[in-house]
Amino acid sequence: MAECKRIVLGVAVVSMVLVSCAGTPRSASNAAGKSNATALERAGLDVTFKQPGEWVSVVDGKETAVPAIEMGDDAVTMKIVQEGALRSQVMDNLTALAVERGPRLTGSENLRKAQDWASQSFRDWGLTNVHLEQWGTVGVGFDRGPTSGTIFLARPMRPETRPGVNTRDPAPAATPPTEPAKEEPKPEAPPAPRVEWTKAREMELTALSWSMGTNGAVRGPVLREPKDEAEYQAVKADLKGAWVLVQAPPALGMRGIRSMMSARYDMRKEARKKVAEGKPVSELPIAERLAFEPIAGYISSSRDERVWTGAVGGWRDLTIADRDDWSGDQPHVQVRLSDYDFLNSRLADGEKVEVEFNLNHTFKAGPVPVHNVIAEIKGSKYPNEYVIISGHLDSWDGPGSLGVTDNGTGSAVTMEAARILKAVNARPLRTIRFVLWAGEEQGLLGSKGYVDSHKEDLANISAVFVDDGGTGYQAGVQAATVQIEMLAAASAPINNVFFSRFDKKFLNVDIKNTGETMKSHGGSDHASFNQVGVPGFFWEEGGRAEYGFGWHTQNDKMNLAIEEYLIQSATNSAVVAYRLGCAPTLLPRAKSDTAGERPNMLRREQQSTPPAPAAPTPNPNRS
């Protein structure tokens, strides 16, 4: 048995004793008699760090013996666990990315600032080959500024009182005439009722990225969208400056609602093309004719208390000329169901309603270069072989969102894994490469660009890991039979270490055997590698987080982040990267099937949400 070395770690409020045997898995006798549990005394952190008597693997939900595969220095592995558990900076990383830089749309200034900050952080931690690697361009840069929407209701004011004219009070006594009496004037008609506009509520809303804004606050009356010729003619004289309320669609979920908004954008674009080619506006369908009316814009409902942000069709091929002319399109906002119901009910009751929207959208002439962030810990023996740890840094940019759980958390975990490894001076045999992708939200563009640019390296990549499942803990991966032993051995040091007092269980890593084929899905950047035969793994996320509440919505903020899960995820990423980086061979290849859904989740747009605020019942004929 190799000589055992005791590692004692002290922090301000806790101390933890861990035992490690360099070069061999730890056994129960190594830790006998030692205190092996410490609760971190920090507000809101519901986790206890325990040092198990021996490492175990978890395969298909069952604890098993750790496969006898040499994977680096066990003393270094334990230092990684200690550093990740007791000196975590993952929340600092997340705050810097999401709060201080904000949402990070591909091609935006916020993304560029986040990439610059991440690059400098990697350098500060001592990583090498830190650079921005371009994978393409965007035709127009888009930045969303402050956005607001307010509903105003008309309230009749008491008319000015004039005794003897419009009140029951007697008129003042007449003054005796000093001249011959003249004919009495006819009584004045009562003045028209005066209206006072009062602020009724603020709306939560979004608009498609790369869509036209409002060029300042735009206020106007709300009218329902006409559905036939009679309705159209009835409201035509009132359309100027009005916001048109689009009939609520069926409850289609996130993808359906975003597709509907994009389809209407394409419909208006096609209508303008038809007219430019000579077709009379009067021959267009009514919905297309509205594109030529001087309306303020459109309002539609998400049919949910979440509003989902997407992009206009053809966003990547836009030019600044397409966005210089404010008459080129009309704004279209999506509001919560409760906001839509509030508007629809007032209109059904015959009340006057006005709204004011301020959509501060700015555009930057392109082509705008777009990049991934890359940093490395160079391998000491096999520098041209790679283990890749990654997450996508870009996010959608809807008003209110900070891009926290999609995917600030995965980016912060990736960065923290790099910091941990450098902090303990880990020296893997293979190069560990850390990548923060961009363009994931628009179709895995950054990872596809990486694959195209690194074809000569693909055969030397052991595995690619992607953290893009939100703020849950890394609960495992799905893998082919030939990959199980190495992955089980690589993740073993994390099992039975992080005990969630909230969940009342250990945050363990389960390696799931999917047979001869890797069963996965095409929903994140790992799929770009699976498609070319490189093992790509999407970390399944476990725990109490409800991903769908924040996914692409206005709710994706810091309050959704769960710190103990992110600590476990970053520590596990660092451990797995180091141990695979020190394994005797690359991870075996296997066929992959990316046709499935993201594992261990409900269909995310169908997850439950908190109850909507009370709203008047809408007119059933219009909802």
Side-chain angles (χ1 to χ4, degrees), residues 142 144-152 200-227 231-232 235-249 257-272 281 284-302 307-313 315 318 322-337 339-340 342-344 346-347 352-363 397-399 554 622:
F142 177 81
R144 193 190 304 264
T147 299
S148 62
T150 308
I151 300 174
F152 297 89
R201 63 189 283 158
E202 297 291 335
M203 291 176 278
E204 293 184 17
L205 66 134
T206 190
L208 294 176
S209 300
W210 289 281
S211 67
M212 299 300 290
T214 57
N215 198 18
V218 175
R219 179 169 170 173
V222 179
L223 301 175
R224 287 190 176 124
E225 182 180 36
K227 294 300 179 184
E231 289 186 8
Y232 177 67
V235 300
K236 183 174 174 59
D238 300 320
L239 287 173
K240 185 175 182 179
W243 287 92
V244 175
L245 188 67
V246 177
Q247 183 171 346
I257 293 297
R258 295 197 310 180
S259 296
M260 182 274 291
M261 291 186 70
S262 183
R264 289 188 71 100
Y265 169 87
D266 291 339
M267 176 195 71
R268 297 191 298 271
K269 184 177 179 180
E270 185 63 23
R272 290 190 294 272
V281 173
L284 297 174
I286 290 171
E288 295 182 19
R289 275 189 249 174
L290 289 174
F292 300 92
E293 294 287 355
I295 65 173
Y298 302 89
I299 307 169
S300 62
S301 168
S302 66
V307 292
W308 291 295
T309 300
V312 300
W315 64 273
L318 291 171
D322 298 321
R323 288 294 175 256
D324 276 343
D325 183 4
W326 286 89
S327 66
D329 193 22
Q330 299 145 320
H332 184 170
V333 297
Q334 174 198 141
V335 301
R336 295 174 299 176
L337 179 61
D339 294 322
Y340 175 90
F342 188 93
L343 291 168
N344 197 34
R346 268 41 183 193
L347 294 177
K352 291 183 178 180
V353 184
E354 289 188 354
V355 293
E356 180 178 279
F357 289 105
N358 190 353
L359 312 179
N360 186 356
H361 296 181
T362 59
F363 303 92
D397 65 335
Q554 76 276 30
R622 297 294 299 191

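Computed from a prediction, not measured in an experiment: that's the story for all the values here.
V218 is not listed as a side-chain neighbour of F357, based on a closest heavy-atom distance of 4.5 Å or more. Looking at heavy atoms from C-beta onward, R272 lies in side-chain contact with D329 at the 4.5 angstrom threshold. With contacts defined as side-chain heavy-atom distances shorter than 4.5 Å, the pair M212/Q330 does not qualify. When side chains are defined from C-beta on, R144 counts as touching T309, because their heavy atoms get closer than 4.5 Å. Annotation: side chain of F152 is not in contact with side chain of K352 (no heavy-atom distance under 4.5 Å). Two residues are said to be in side-chain contact when any heavy atoms from C-beta on lie closer than 4.5 Å; I151 and V222 fail this criterion.
For the side-chain contact (heavy atoms from CB on, under 4.5 Å) with W243, the qualifying choice from I295, V355, V353, L223 is V355, the only one to do so.
Closest approach of A311 and S262 over heavy atoms only: O-OG, 3.9 Å. I257 and P249 get closest at one heavy-atom pair: CD1-CG, 3.7 Å. Among all heavy-atom pairs drawn from M267 and A287, the shortest one is CE-O, 3.7 Å. Minimum interatomic distance between L359 and A207 (heavy atoms only, all atoms of both residues): CD1-CB, 4.4 Å. Closest heavy-atom contact between T147 and N360: OG1-N, 4.3 Å.
Although no hydrogens or angles enter the test, the distance criterion places no donor-acceptor pair under 3.5 Å between the side chain of R336 and the main chain of S302. Judged by distance alone, with hydrogens and angles left aside, the side-chain atoms of R219 form no donor-acceptor pair with the main-chain N or O of T150 at under 3.5 Å. Y340 contributes a side-chain N or O that, together with a main-chain N or O of A248, makes up a donor-acceptor pair within less than 3.5 Å. Judged by distance alone, the side chain of D339 and the main-chain N or O of E204 form a donor-acceptor pair under 3.5 Å.
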Notebook entry, point to check: K236 and E293: side chain to side chain contact (heavy atoms under 4.5 Å, CB included), yes or no, with the steps?
Noted result: CA-CA 9 Å; K236 183 174 174 59; E293 294 287 355; 2.7 Å; yes
Note to self: Does V333 form a side chain to side chain contact (heavy atoms under 4.5 Å, CB included) with V307? I'd like the steps, not just the answer.
What the structure shows: CA-CA 10 Å; V333 297; V307 292; over 6 Å; no
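To the nearest 0.5 Å, atoms CZ (R346) and CD (E354) are separated by 15.0 Å. Here the straight-line distance linking atom CZ of F363 with atom OG of S211 works out to 6.5 Å at 0.5 Å rounding. Interatomic distance, CZ of R264 versus CG of L208, reported as 12.0 Å (0.5 Å rounding).
Donor-acceptor pairing under 3.5 Å is recorded for the side chains of S209 and D397. For H332 and S300, the side-chain atoms include at least one donor-acceptor pair closer than 3.5 Å.
Using the six-membered ring where Trp is involved, F142 and W210 have ring planes that are tilted, between 30° and 60° apart.
The residues E225 and K227 are annotated as salt-bridged, a charged nitrogen and a carboxylate oxygen being separated by less than 4.0 angstrom.
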